[in-house]
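The structure under discussion appears below in the form of structure tokens.
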There are 2 protein chains.
Amino acid sequence: MNIGQAAEASGVSAKMIRYYEQIGLIEPPARSHSGYRVYAEPNVHTLRFVRRARSLGFSVEETGSLLALWRDRSRASVDVKTLALKHVAELEEKAAALQAMAATLRHLASHCHGDQRPDCPILDKIGSSN
Amino acid sequence: MNIGQAAEASGVSAKMIRYYEQIGLIEPPARSHSGYRVYAEPNVHTLRFVRRARSLGFSVEETGSLLALWRDRSRASVDVKTLALKHVAELEEKAAALQAMAATLRHLASHCHGDQRPDCPILDKIGSSN
DNA sequence: CTACACCTTCCCATCATGGGAAGGTCAAGC
DNA sequence: GCTTGACCTTCCCATGATGGGAAGGTGTAG
């Protein structure tokens, strides 16, 4: 399987596969006689793992830790759970921050006429010196 | 006022002030005879506006649009409100995405013993081929 | 044998921010 | 007047994750 098929099969773009290899997240695959990267099913499986971890918001570095735990058959589940819950806390913190911004702005907008007149509490507030 | 004082007074770092100037978000300030940037109160006011817009999650580019509206005394408040509500929607979308990740992961973690045994539904699920 | 789809590496761009080097400036204290 | 230390200048580099694209090699179908 060439990189294009591996990308297709894993949902990770070819660009990203090369990048993950370059930074050491994944193992360099075999190469064909002409230098093409050659992937087998286990590689694709790993790539899918990476894609799922990324889609759960883990950074590439965190994904590397998860991958190490995944490959270590003797890991303690508490280590995984700890990592996961720490990440959950970070995600929720970021979500809360975004929602606070949204709430503030929505509140400001609710006081704005939204017509042709120039008066606008949104700009007034952002520009106020308080 | 030199850049350090302007940074102090506005809450925008000196590095960022120079950057905002470089990309054209803010006007280049006056310069002293020796080339130091010299800021007056209106400049600081603008910097505070920028800081507040950024803290509400507006990108630098969006902040530029807000700044233009802010300076345009004849703007229509509907334009501001439209921009603001569009941004609110984006913020809420991002927040929801993060919360969905957190919820998924929290759910997986709730099924993980979190002890010394290696069995871990979190890794199982991330690594599953479904 | 040609055409086309694929592969390779390499460089660049994004977005917002910080770090740091090399060198100039200014004010305070001796 | 001279030194010292805190400031300022510009310039380059790094981050994190991703994509774009160029230049050139490969593989296969017709």
Side-chain angles (χ1 to χ4, degrees), chain A residues 1-26 28-40 43-44 46-67 87 90-91 94 97-98 101, chain B residues 1-26 28-40 43-44 46-67 87 90-91 94 97-98 101:
Chain A
M1 202 183 334
N2 286 341
I3 199 170
Q5 279 115 49
E8 177 75 15
S10 66
V12 178
S13 74
K15 277 281 194 189
M16 280 298 103
I17 295 176
R18 292 192 195 98
Y19 172 71
Y20 291 153
E21 178 188 333
Q22 189 208 315
I23 62 173
L25 179 67
I26 59 177
R31 295 279 186 145
S32 74
H33 68 96
S34 60
Y36 284 19
R37 287 173 180 79
V38 178
Y39 298 89
N43 305 102
V44 173
T46 298
L47 285 169
R48 273 196 285 254
F49 182 97
V50 170
R51 178 176 57 74
R52 291 214 185 79
R54 298 281 301 115
S55 77
L56 286 171
F58 288 98
S59 70
V60 169
E61 190 172 359
E62 289 166 330
T63 300
S65 304
L66 284 177
L67 211 41
H87 185 57
E90 288 168 6
L91 289 171
K94 281 180 199 165
L98 291 176
M101 290 178 199
Chain B
M1 201 181 338
N2 286 341
I3 200 171
Q5 280 115 47
E8 177 76 15
S10 66
V12 179
S13 75
K15 276 279 195 193
M16 279 300 101
I17 295 176
R18 292 193 196 96
Y19 172 69
Y20 291 153
E21 178 188 333
Q22 189 208 315
I23 63 174
L25 178 66
I26 59 176
R31 294 279 185 146
S32 73
H33 69 98
S34 60
Y36 284 19
R37 287 173 180 80
V38 178
Y39 298 88
N43 304 102
V44 173
T46 299
L47 286 169
R48 274 195 286 254
F49 182 97
V50 170
R51 178 176 56 74
R52 291 212 185 81
R54 298 282 302 117
S55 78
L56 286 171
F58 287 98
S59 70
V60 168
E61 191 173 359
E62 289 166 329
T63 299
S65 305
L66 284 177
L67 211 41
H87 185 57
E90 288 169 8
L91 289 171
K94 282 182 198 163
L98 291 175
M101 292 178 197

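Below, chain A is the first sequence line, B the second, and so on; all start at residue 1.
Taking 4.0 angstrom as the limit, A:Ser13 places a side-chain polar atom (N or O) nearer than this to OP1 or OP2 of D:dG19. Note on B:Arg37: every side-chain N or O is 4.0 Å or more away from OP1 and OP2 of D:dC8. Phosphate proximity of C:dC26 to B:His33: present, with a side-chain N or O under 4.0 Å from OP1 or OP2.
Atoms CG (B:Asn2) and P (D:dA6) sit 16 Å apart, rounded to a whole Å. Protein atom CD1 of A:Ile3 is 12 Å distant from nucleotide atom C1' of C:dT9, rounded to whole Å. In this structure, CD of B:Gln5 is placed 11 Å from P of C:dA27, rounded to the nearest angstrom. Residue B:Glu61 contributes atom CD, which lies 11 Å from atom C1' of C:dC15 at whole-angstrom precision. Distance CZ (B:Arg31) to C1' (D:dT9): 8 Å, rounded to an integer number of Å.
Closest approach of A:Arg54 to A:Tyr20, counting heavy atoms only: NE-OH, 3.7 Å.
The 12-atom threshold is exceeded at CD of B:Gln5, counting heavy atoms of other residues, nucleotides or ligands nearer than 6.0 Å.
Using a 4.0 Å cutoff on non-hydrogen atoms, the parts of residues 14-23 of chain A near DNA chain D are A:Lys15, A:Met16, A:Tyr19, A:Tyr20, ordered by number.
In this structure, the side chains of B:Arg37 and B:Arg18 come closer than 4.5 Å at one or more pairs of heavy atoms.
Taking the nucleotide of DNA chain D with the nearest heavy atom to each of A:Ser32 and B:Gly4, the more 5' of the two is matched to B:Gly4.
Under the side chain to side chain contact (heavy atoms under 4.5 Å, CB included) rule, B:Arg48 has a single partner from B:Thr46, B:Val44, B:Val50, which is B:Val44.
Side chain of A:Arg54, nearest nucleotide from C:dC6, D:dT18, C:dC26: D:dT18.
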